Amino acid sequence: MTEIEEKFSTLPDKDRETIISYGASLRLASLKKRIFLAEQKVKFFENQYKTTLKRIETRGIPDDADNIAHEDYIEWSHWVKAAEKCKKEIALVQGIVEHGLRTKDFPHVGY
């Protein structure tokens, strides 16, 4: 057990639950920003090349493609993978966030 885990385990259950809830909410917000960016980058390349990455991977990059097209393919692939990774992480964190913040402990929340 790490030092932070040891300290965390000494907190009362209520405090640990609150910290986890807040942390999960912050992580979810961060992931949503990341997936928005990734999806915008993917759309940019789809609009630029008038196709999807999946089609390019099926057909292959044209033989007459220049260096920029090859670099775009690499970046495009990165953003597709980043979006997929974010979707998986969001699904995991969403389960924690769905329990919601305990607003009875923070009466000023929502006012």
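As the structure is a computational prediction, the values presented were derived from the model and not from experiment.
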Ser9 and Glu6: CA distance, side-chain angles, deciding distance, side-chain hydrogen bond (donor to acceptor under 3.5 Å, both in side chains) verdict: CA-CA 5 Å; Ser9 68; Glu6 287 177 21; over 6 Å; no
Under the 3.5 angstrom rule, does the side chain of Thr58 hit a backbone N or O of Lys54 as a donor-acceptor pair?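 Side chain of Thr58 to backbone of Lys54: a pair is present.
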Under 3.5 Å: donor-acceptor pair, side chain of Ser21, backbone of Glu17: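 Not confirmed, Ser21 side chain does not pair with Glu17 backbone.
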Would you give the length of the straight line joining atom [atom1] of [X] to atom [atom2] of [Y], rounded to the nearest 0.5 angstrom?
X     : Y     : atom1 : atom2 : answer
His78 : Lys41 : NE2   : NZ    : 9.0 Å
Cys86 : Leu28 : SG    : CG    : 10.5 Å
Ile4  : Phe8  : CD1   : CZ    : 9.0 Å
Glu57 : Arg59 : CD    : CZ    : 12.5 Å
Ile90 : Arg34 : CD1   : CZ    : 11.5 Å

Are any of the side-chain heavy atoms of Trp79 and Leu37 separated by less than 4.5 Å?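 Yes, close enough: below the 4.5 Å cut-off.
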Side-chain heavy atoms of Phe44 within contact of Asp72, under 4.5 Å: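 In short, these two side chains do not touch, never coming nearer than 4.5 Å.
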Stepwise, does the side chain to side chain contact (heavy atoms under 4.5 Å, CB included) test hold for Phe45 with Thr51? CA-CA 8 Å; Phe45 287 116; Thr51 190; over 6 Å; no
Can you see which heavy atom on [X] is nearest to which on [Y], and at what distance?
X     : Y     : result
Tyr49 : Ile68 : OH-O, 4.2 Å
Ile61 : Tyr73 : CD1-CG, 3.6 Å
Ile35 : Lys32 : CG2-O, 3.3 Å
Ala24 : Ile96 : CB-CG2, 3.5 Å
Leu53 : Ser77 : CD2-CA, 3.6 Å

Taking 4.0 angstrom as the limit, do Glu39 and Lys43 come out as a salt bridge?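 No salt bridge links Glu39 with Lys43.
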Pair Glu89 + Arg27, salt bridge at N-O below 4.0 Å: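 Result for this pair is yes, salt bridge flagged.
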Are there more than 12 heavy atoms of other residues, nucleotides or ligands under 6.0 Å from atom CG of Asn67?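 Open.
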More than 12 heavy atoms of other groups within 6.0 Å of Glu5 CD: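 Yes, the 6.0 Å shell around CD holds more than 12 heavy atoms from other groups.
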What about Ile20 and Leu11, same hydrophobic cluster or not, with Ile/Leu/Val/Met/Phe/Trp/Tyr joined at side-chain heavy-atom distances under 4.5 Å?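 Yes; Leu11 is reachable from Ile20 via cluster members.
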